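Taking it in order: structure first as structure tokens, then the write-up.
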Amino acid sequence: MTQPHHRLTGTTDKAETFWENLYHEQRDNQAVWGTRVNPRLVEVATSIPAGTALDLACGAGGDTIWLARHGWRVTAVDIATTAVEQVLARAQDLGLGDRVTIEQHDLARSFPNATFDLVSAQYFHTPFAVPRAQILRAAAEALRPGGRLLVVDHGSIAPWSWNQDPGTRFPTPTEVHIELDLAPSTWTIERADTPRREAAGPDGQRATVTDHILLIRRTSH
């Protein structure tokens with residue numbers, strides 16, 4: 001079996017420490033390291049022909065594994081060593097090693113050097129200040145013509161969210177798009193909405209949550 005590529009570009013700041021500790025604590029929790037995939041990714045990717053995908057901040061790897069199982073070749077990226085190592089191990093165990101490439105990046109400092117048919121940024125939120133718009137612009141620029149950037153953000157606070165600040169304001173998909181400042185001659189919006197859904201937390205909790213969905217398609221170089 002071909003091994004997934006494993007290129008590490010290490011970082012040492014507080015963000016890496018925070019996420020490394022989180023995933024290290026949770027690595028043996030099957031509710032976290034299971035096969036769950038973000039439903040909005042399934043909703044969008046099911047209607048797109050499989051190609052190459054980039055899973056930004058892949059975490060436990062549920063999205064990466066789902067994409068690989070559905071014919072995609074996936075590059076999975078995270079800041080935490082434990083996260084990428086666990087995704088690597090799961091890909092190998094499931095016989096998906098030839099479809100999964102993993103890279104460790106602090107996306108504020110480095111970005112995968114490749115082009116993709118789909119870039120998925122699912123709940124790309126952090127308690128640390130990051131140049132989020134800059135990172136998502138880099139993601140848009142990494143698309144091949146016809147490729148799509150899917151940004152799914154929280155639009156509400158779930159009982160299991162690490163952020164429980166009731167004063168949190170979640171930018172709308174339109175606001176996110178404006179901040180990216182993408183040329184309309186090169187990128188076009190295919191979807192920008194705020195649907196609600198029933199969600200399950202890591203310990204089986206249930207709640208109605210709001211997602212902010214932005215889907216952008218690259219139309220030319």
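On a predicted model such as this, the values are computed, not experimentally measured, just so you know.
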Please round to the nearest 0.5 Å and tell me the distance separating atom [atom1] of [X] and atom [atom2] of [Y].
X: T174; Y: L214; atom1: OG1; atom2: CG; answer: 8.0 Å
X: D153; Y: T194; atom1: CG; atom2: OG1; answer: 12.0 Å
X: L88; Y: L96; atom1: CG; atom2: CG; answer: 12.0 Å

Q: Only counting residues at least two apart or in another chain, list the ones meeting side chain to side chain donor-acceptor pair (under 3.5 Å) with T168.
A: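 N163.
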Q) So, D211 and R197, do they make that salt bridge, N to O below 4.0 Å? A)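 A salt bridge is present here (some side-chain N lies under 4.0 Å from a carboxylate O).
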Q | Ion pair check, E175 and R169, cut-off under 4.0 Å | A |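 Answer for the salt bridge query: yes.
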Q: Carefully, step by step, assess V152 and L41 under the rule side-chain contact (heavy atoms from CB on, under 4.5 Å).
A: CA-CA 8 Å; V152 180; L41 173 63; over 6 Å; no
Q.
Run the ring pair (Phe, Tyr, Trp, His ring centres under 6.0 Å) test against H154 and tell me which residues pass, sequence neighbours left out.
A.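 Checked H154 against ring pair (Phe, Tyr, Trp, His ring centres under 6.0 Å); matches are Y123, H125.
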Q: Keeping the roles fixed (side chain from R73, backbone from D98), state whether a donor-acceptor pair exists under 3.5 Å.
A: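 Indeed, once roles are kept as given, a pair shorter than 3.5 Å links the two residues.
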Q: Applying side-chain contact (heavy atoms from CB on, under 4.5 Å), run through V74 and R99 and close with a yes or a no.
A: CA-CA 6 Å; V74 190; R99 293 192 172 276; 5.9 Å; no
Q) Is it true that the side chains of T64 and R90 contain a donor and an acceptor less than 3.5 Å apart? A)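 R90 and T64 do not have a side-chain donor-acceptor pair below 3.5 Å.
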Q.
With heavy-atom distances below 4.5 Å as the criterion, would you say the side chains of I48 and W72 are in contact?
A.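 Side chain of I48 against side chain of W72, heavy atoms only: contact under 4.5 Å found.
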Q) In terms of hydrophobic clusters joined by side-chain contacts under 4.5 Å, are I189 and F124 together? A)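 As far as the 4.5 Å side-chain criterion goes, F124 and I189 are connected within one cluster.
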Q. Within a radius of less than 6.0 Å around CD of Q205, do more than 12 heavy atoms belonging to other residues, nucleotides or ligands occur?
A.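 Check passes, neighbour count above 12.
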